[in-house]
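Below is one structure, written out as structure tokens; comments come after it.
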Amino acid sequence: MKAHMITYGCQMNEYDTHLVQSQLVSFGADLVESIDEADFVLVNTCAVRGKPVDKVRSLLGQLRKVKSQRPLVVGMMGCLAQLEEGQQMARKFEVDVLLGPGSLLDIGAALESNGRFWGLQFKDELHEHIPPSPQGKLQAHLTIMRGCDHHCTYCIVPTTRGPQVSRSPDDILRELDLQLAAGVQEVTLLGQNVNAYGVDGGARLAGYPSFADLLRLVGKSGVRRIKFTTSHPMNFTEDVAAAMAETPAVCDFVHLPVQSGSSRVLRRMAREYSRETYLGHIAAIKKHLPSVVLATDIIVGFPGETEEDFQETLSLYDEVGYDSAYMFIYSPRPGTPSYKHFADLPRELKTERLQRLIVKQKEWSKLRNATKVGTVQEVLLRGDAHSEGFLEGHTRGNHPTVVPKAFGADGAGVYPVLIGHSTPHMLYGQIVGADGQPLPEIPQLEPQAAALSSPLQMA
Ligand code: 5AD
Ligand code: SF4
């Protein structure tokens, strides 16, 4: 069988795609790069906003056409598959295999069934499953929990991914060891709400560390860089900032979605924190990590958001001074409380606010990126950039960075890079030696050099 997977959505979905791909390989499938080559196409879907749902709809339409011309098995997995909306789509577009986010390990059974196979249960075995490590990659994701116990009124995720289930620390560390053995240098710990790790359904699980202690544990593994995403401010504790500060491998990067700067809107979103509490968390993070890089998610045009509310979002942005932000127009999702109870704002109003927020974001990203010019950053280069002759990667603070291929550095690796120029979205630099001077030859940094301490090396 030749299988092709297409992934929409977040890093959790990328992780799940890798997990299912490795299962497919273990069932004898050949992974191919295009629909044309495939006899099984599996689409990993996202349901968080209308746009990704529309994309899946049009792709399934295309696949139905292909299916009418030649034998093809079509599958749909992930968040949309769990919803009635996705299941209706699956019927309409003659999808053969449907796997919800809790049923991914049913892929084998699905392949064996020669007809339609729908798996929509949340199965415990998924949490214990350790997928083989990605080969030849410097970066890996590691899921530490699945699902979410919060009930933000706009969000469909608690429905699609179910209640929170933390993975055992043993399984996490075992998976990490395999990743390290495969050459991984940066691991991103994943969960809908990593700060609530080990506290499922409101109760701490016996034998599970707090998230802060998990960071400390993972920090002892020898991995060069640790990142994590995403955090709910409600469950944030100062101990997480302290653990970050005392664990050199943990990158000084925090993605703390605020969603709105107005306490009134936050209440209507059921976010369980106020503007003031959020700013208190930011102050604690900055106290422990003075050079922290901060990122956030913001929704504009939530039902009932007034101009004053929106102004509060803009002023919060200035107070925090984020390096970057993911900004979204509110999208009413069937099945969420806000869809049911609140009237959507006019499209033009929402778009206009988004434009103003983007202006704010660009100002700050420009300012923040400019502070990196003249510093040496540790950059993980993934490989070729879009422009020929350049390599692309990112810093410990997640800044996308581009360097010219030079001095024999033509592939992936972790290098010190002197930043020479910046735009709001990119840092441009050149690979240098530990002394900050361009190198005649580029040796790769050894993993032991993870805790680069000299200010020259790690600005
Ligand atoms: N509309 C717009 N954005 C949303 N998000 C989640 N649900 C919605 C929605 N209904 C955004 C939030 C979240 C990110 C993953 O997606 O900002 O943090
Ligand atoms: Fe990820 Fe949420 Fe989209 Fe599911 S709905 S893929 S959890 S962003």
Side-chain angles (χ1 to χ4, degrees), residues 7-16 44-56 78-80 82-83 85-86 101 141 143 145-161 164 188 190-196 228-236 254-262 265-266 268-273 278 281 294-305 309-310 313 316-317 320 322 324-347 349-351 353-355 357-358 361 398:
T7 309
Y8 296 101
C10 60
Q11 299 178 65
M12 305 281 294
N13 266 18
E14 283 170 31
Y15 178 93
D16 285 346
N44 194 357
T45 62
C46 173
V48 80
R49 283 175 295 277
K51 249 193 202 156
V53 173
D54 293 343
K55 283 187 188 158
V56 170
C79 288
L80 188 56
Q82 194 67 31
L83 299 175
E85 191 182 7
H141 296 137
T143 289
M145 67 214 295
R146 289 177 177 272
C148 180
D149 285 341
H150 287 280
H151 298 282
C152 305
T153 53
Y154 53 79
C155 191
I156 197 68
V157 173
T159 311
T160 62
R161 287 192 171 256
Q164 177 180 310
T188 304
L190 294 181
Q192 294 303 330
N193 177 10
V194 291
N195 286 298
F228 55 89
T229 195
T230 188
S231 305
H232 192 302
M234 159 70 186
N235 300 96
F236 177 86
V254 178
H255 177 240
L256 196 62
V258 67
Q259 313 298 2
S260 168
S262 154
V265 173
L266 289 171
R268 284 165 65 82
M269 289 176 164
R271 286 291 284 174
E272 304 171 80
Y273 58 85
Y278 182 88
H281 294 328
L294 291 165
T296 197
D297 290 355
I298 297 174
I299 298 177
V300 298
F302 185 76
E305 183 190 74
D309 292 321
F310 179 63
T313 296
L316 179 126
Y317 207 117
V320 178
Y322 294 108
S324 65
Y326 295 100
M327 298 158 287
F328 308 105
I329 283 182
Y330 169 72
S331 172
R333 301 299 301 128
T336 59
S338 65
Y339 173 86
K340 198 162 162 203
H341 299 295
F342 300 147
D344 197 9
L345 290 175
R347 177 100 212 152
L349 183 78
K350 296 196 289 186
T351 315
R353 284 187 188 158
L354 179 68
Q355 297 309 334
L357 184 61
I358 290 173
Q361 175 264 322
N398 248 14

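Computed over heavy atoms, backbone and side chain alike; hydrogens, waters and symmetry mates excluded. All ligand and atom numbering here is 1-based and tracks the order in the structure.
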With respect to atom 11 (C) of ligand 1, which of Lys51, Arg49, Lys350, Arg333 exhibits the smallest heavy-atom separation? Arg49
Below 4.0 Å from ligand 1: does a non-hydrogen atom of Ile156 turn up there or not? no
Val258 and its side-chain contact (heavy atoms from CB on, under 4.5 Å) partner, picked from Asp297, Leu316, Val320, Thr313: Leu316
Of the side chain and backbone of Tyr154, name the one, both, or neither that has a heavy atom under 4.0 Å from an atom of ligand 1. both
Can you name the residues that form a side chain to side chain contact (heavy atoms under 4.5 Å, CB included) with Pro52, not counting sequence neighbours? Cys46, Arg49
Do Tyr154 and Arg268 get their side chains close enough for a donor-acceptor pair, meaning under 3.5 Å? no
Any atoms of ligand 1 less than 4.0 Å from a non-hydrogen atom of Ser331? List them with their elements. 1 (N), 2 (C), 9 (C), 10 (N)
Which one holds for Thr336 and ligand 1: side chain close, backbone close, both close, or neither close, with close meaning a heavy atom under 4.0 Å? neither
Under 4.0 Å, heavy atoms only, figure out whether ligand 1 is touched by the backbone of Val48, its side chain, both or neither. both
Residues passing the side chain to side chain contact (heavy atoms under 4.5 Å, CB included) test with Asn398, sequence neighbours excluded, are Lys227, Phe253, His394
Run the numbers for me: atoms of ligand 1, each under 4.0 Å from some heavy atom of Ile329, listed by number. 1 (N), 2 (C)
Close-contact set for ligand 1 against Gln259 heavy atoms, below 4.0 Å: 12 (C), 13 (C), 17 (O), 18 (O)
Counting from 1 in the order shown, the ligand 1 atoms closer than 4.0 Å to a non-hydrogen atom of Tyr330 are 1 (N), 2 (C)
Option passing side-chain contact (heavy atoms from CB on, under 4.5 Å) with Tyr330 (candidates Asp344, Leu345, Leu354): Asp344
Is a donor from one side chain sitting under 3.5 angstrom from an acceptor on the other, for Asn44 and Asp16? no
Any chance CZ of Phe342 has more than 12 other-residue heavy atoms, nucleotides or ligands included, within less than 6.0 Å? yes
